[in-house]
Amino acid sequence: MAVKEELPDGWTLKHLVDVADVARGKFTHRPRNDPRFYGGTIPFVQTSDVVNSPKYLRGHSQTLSELGMTVSRMFPENTILMVIAGSVGASAITKYSVAFPDSIVGITPRNGYSPEFIHHVLVAHQSLMDGVATESAQANLSLELISMLKLALPSPETANWIAEILDAVDDATAATRAVIEQTRKLKTALLQDLLSNGLPGKHKRFSSGKLVLRYPSDWKIKPLSAIAQVIDCKHRTPVYEDQGFPVVRPGDVTEGLLDLSQSPRTSQAEYEDLVENYRPVRGDIVYSRNASFGVAAYADTDEAFTIGQDVVIITSKTESNRFLYYLLNSHVFKQQLRRLSAGSTFQRINLDDIRRYQVVVPSLEEQDRIVHVLWEVDQLIERNKKILNGQQVLKLSLSQGLLTGRIPISGGCHG
């Protein structure tokens with residue numbers, strides 16, 4: 001976020017070094033992997049620890065011995081750790097004393113400014129730092145560049161009140177993320193229970209290699225090809241345009257509803273050629289057979305689209321498409337596909353493996369009951385994702401307004 005020269009009354013333009021101590025981490029011994037320097041009780045934070053911490057440092061993946069500490073240095077709690085090599089600009093606040101290597105800079109606020117406020121400011125400047133980072137073998141930020149970063153600053157009292165407002169939004173966002181994560185875990189457990197073990201009653205057992213399923217006696221065992229069509233696309237990359245019809249790629253397919261917003265577009269002529277074999281419609285299942293993904297999405301859209309390489313359409317012959325969607329995303333299905341594809345030199349799941357997969361199929365009435373339960377869970381996830389998106393938009397808007405003074409605020413509003 002660029003800093004404007006015209007600032008509200010009471011705000012000043014300063015360099016980061018004017019309000020914080022800025023120093024690089026340290027580990028001077030070579031070679032770095034000498035085991036004598038590790039394995040003690042002193043936290044030794046790595047860049048990945050910072051990258052994987054949303055605001056506060058979640059933990060440390062390494063420790064130093066007393067000998068290791070002789071070639072490093074400690075930073076106090078409430079220091080902001082910023083990565084300056086690789087994932088430049090990633091930052092987190094440590095709530096305990098830590099050491100770290102010179103790929104991380106420690107920023108310890110002073111003059112009354114809280115680490116939370118300075119952290120919010122640095123996050124707002126991250127895109128700017130990404131743009132000015134020098135490119136060598138990997139992106140890097142210099143200590144001088146960070147120290148001389150220009151900041152628009154109100155009084156410490158106002159700054160810390162701004163931080164409290166932005167922290168509240170962050171807390172709400174974190175709570176929503178936790179709800180989504182817990183709901184996804186619930187869905188995984190339900191998938192395992194409803195599609196693997198069946199419901200209470202008389203049960204049979206179905207064995208396929210090391211995979212043993214327990215299922216109700218009135219469920220049937222069938223190959224997927226007996227209940228669904230698996231439709232491949234033409235094996236070529238289409239010509240993409242700025243506008244036109246979405247072309248779904250493997251990376252565009254995630255568990256849930258099909259999202260076409262990030263898919264590239266192609267022309268009317270290309271679209272008509274690509275859908276010559278089959279024209280996807282609402283209710284179809286879009287399945288990525290790329291070995292790195294192997295997931296299905298439900299096409300709950302009336303927008304015309306087509307599929308690219310390593311993506312197939314799966315549509316029911318007799319069963320519920322939504323039931324098939326859950327089946328394809330179940331642990332049991334993925335486990336058997338991994339077993340069937342073991343040893344393959346291809347980077348995608350073989351179509352014949354998908355078609356011959358043996359599925360346990362309940363009655364249509366039972367499928368509807370299972371789908372109803374799982375679809376309600378999916379809708380809960382989608383509602384919370386929309387809430388999360390709104391919170392993220394709110395955070396961006398508040399950051400842009402509060403951290404530049406365009407949204408005025410008094411430091412005496414605590415009530």
Side-chain angles (χ1 to χ4, degrees), residues 195 220 222-330 333-334 336-337 340-341 344 346-359 361 364 367-368 371 374-375 378:
L195 301 182
K220 307 298 182 184
K222 299 178 182 180
L224 184 64
S225 60
I227 63 172
Q229 292 176 281
V230 181
I231 304 161
D232 201 2
C233 72
K234 295 190 173 182
H235 293 286
R236 67 174 180 80
T237 301
V239 177
Y240 295 131
E241 306 282 350
D242 292 335
Q243 298 180 339
F245 296 88
V247 181
V248 180
R249 305 159 299 178
D252 299 328
V253 183
T254 57
E255 293 183 30
L257 301 178
L258 182 64
D259 182 3
L260 301 173
S261 62
Q262 301 301 314
S263 300
R265 306 273 161 162
T266 195
S267 66
Q268 173 83 36
E270 284 281 287
Y271 168 75
E272 293 295 341
D273 185 52
L274 287 167
V275 298
E276 183 180 349
N277 293 336
Y278 183 79
R279 191 180 298 263
V281 296
R282 174 188 286 273
D284 282 344
I285 300 161
V286 183
Y287 187 78
S288 165
R289 63 190 185 105
N290 187 303
S292 300
F293 299 91
V295 294
Y298 187 85
D300 193 17
T301 176
D302 291 320
E303 183 177 3
F305 67 94
T306 185
I307 53 176
Q309 290 180 302
D310 296 337
V311 177
V312 296
I313 294 291
I314 299 178
T315 187
S316 173
K317 294 178 179 178
T318 59
E319 316 301 322
S320 160
N321 262 7
R322 284 183 176 172
F323 176 78
L324 285 177
Y325 155 73
Y326 290 117
L327 184 66
L328 292 167
N329 278 325
S330 69
F333 185 85
K334 293 180 180 181
Q336 187 168 145
L337 277 183
L340 290 172
S341 303
S344 171
F346 295 102
Q347 292 301 305
R348 60 180 182 271
I349 301 167
N350 189 285
L351 282 175
D352 289 336
D353 288 340
I354 298 174
R355 292 183 175 115
R356 71 171 183 259
Y357 171 72
Q358 298 290 305
V359 293
V361 184
L364 289 175
Q367 288 180 37
D368 287 343
V371 164
L374 295 173
W375 196 252
D378 266 347

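All residue numbers in this chain count up from 1 along the given sequence. In this text the structure is predicted, and so the values were computed from the model without any measurement.
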* Contacts of Asn329 that satisfy side-chain hydrogen bond (donor to acceptor under 3.5 Å, both in side chains) - sequence neighbours left out -> none
* Interatomic distance, Ser267 atom OG to Leu274 atom CG [nearest 0.5 angstrom] -> 9.0 Å
* Asked: Nearest heavy-atom pair of Ile354 and Leu224: which atoms, and what distance?
  -> O-CD2, 3.3 Å
* **Approximate separation, where rounding is to 0.5 Å, of Ser316 OG and Leu327 CG** => 11.0 Å
* Who pairs with Glu241 by salt bridge (Lys or Arg N to Asp or Glu O under 4.0 Å), at least two apart in sequence or on another chain? -> none
* To do: Answer yes or no: is there a side-chain heavy-atom contact under 4.5 Å between Arg289 and Gln309?
  => no
* Of all the heavy-atom pairs spanning Pro246 and Ala304, show the shortest one and how long it is. => CD-O, 3.2 Å
* Asked: So do Pro280 and Val275 actually touch side chain to side chain, heavy atoms under 4.5 Å?
  -> yes
* Asked: Judged by atom type as modelled, is there a donor-acceptor pair below 3.5 Å linking the side chain of Thr266 to the main-chain atoms of Val239?
  -> yes
* To do: Give the intermediate values and the outcome of side-chain contact (heavy atoms from CB on, under 4.5 Å) for residues Asp232 and Asn277.
  => CA-CA 8 Å; Asp232 201 2; Asn277 293 336; over 6 Å; no
* Structure fact -> On a heavy-atom basis, the closest approach of Gly308 and Val247 is N-CG1, 3.7 Å
* To do: Please list all pairs passing the ring pair (Phe, Tyr, Trp, His ring centres under 6.0 Å) test where one or both residues lie in residues 296-328, with sequence neighbours left out.
  => Tyr298-Trp375
* Asked: How long is the gap from OG on Ser288 to CD on Glu255, to the nearest 0.5 Å?
  -> 11.5 Å
* Asked: If we only count heavy atoms from C-beta on, is the Arg279 to Tyr271 side-chain gap below 4.5 Å?
  -> yes
* Asked: Can you tell me how far CD1 of Ile227 sits from NZ of Lys220, rounded to the nearest 0.5 angstrom?
  -> 13.5 Å
* Partner residues of Asp300 under the salt bridge (Lys or Arg N to Asp or Glu O under 4.0 Å) criterion, sequence neighbours left out -> Arg282
* Check: Glu270 side chain, Pro238 main-chain N or O, donor-acceptor pair, under 3.5 Å -> no
* To do: Evaluate the criterion side-chain contact (heavy atoms from CB on, under 4.5 Å) for residue pair Gln367 and Val361; output intermediate values, then yes/no.
  => CA-CA 8 Å; Gln367 288 180 37; Val361 184; 3.5 Å; yes
* What distance do Ser263 atom OG and Tyr240 atom OH have between them, rounded to the nearest 0.5 Å? -> 9.0 Å
* Output all residues satisfying salt bridge (Lys or Arg N to Asp or Glu O under 4.0 Å) with Arg355, sequence neighbours left out; order by chain, then residue number. => Asp352
* Structure fact -> Partner of Asp284 under side-chain contact (heavy atoms from CB on, under 4.5 Å), picked from Leu258, Ile307, Leu324, Asn321, is Asn321
* Closest contact, heavy atoms only, Pro264 versus Asp252 -> CD-OD2, 4.0 Å
* Structure fact -> The salt bridge (Lys or Arg N to Asp or Glu O under 4.0 Å) partners of Arg265 (sequence neighbours excluded) come to Glu303
* Shortest non-hydrogen separation from Ala296 to Ile285 and the atoms involved -> CB-CG2, 3.7 Å
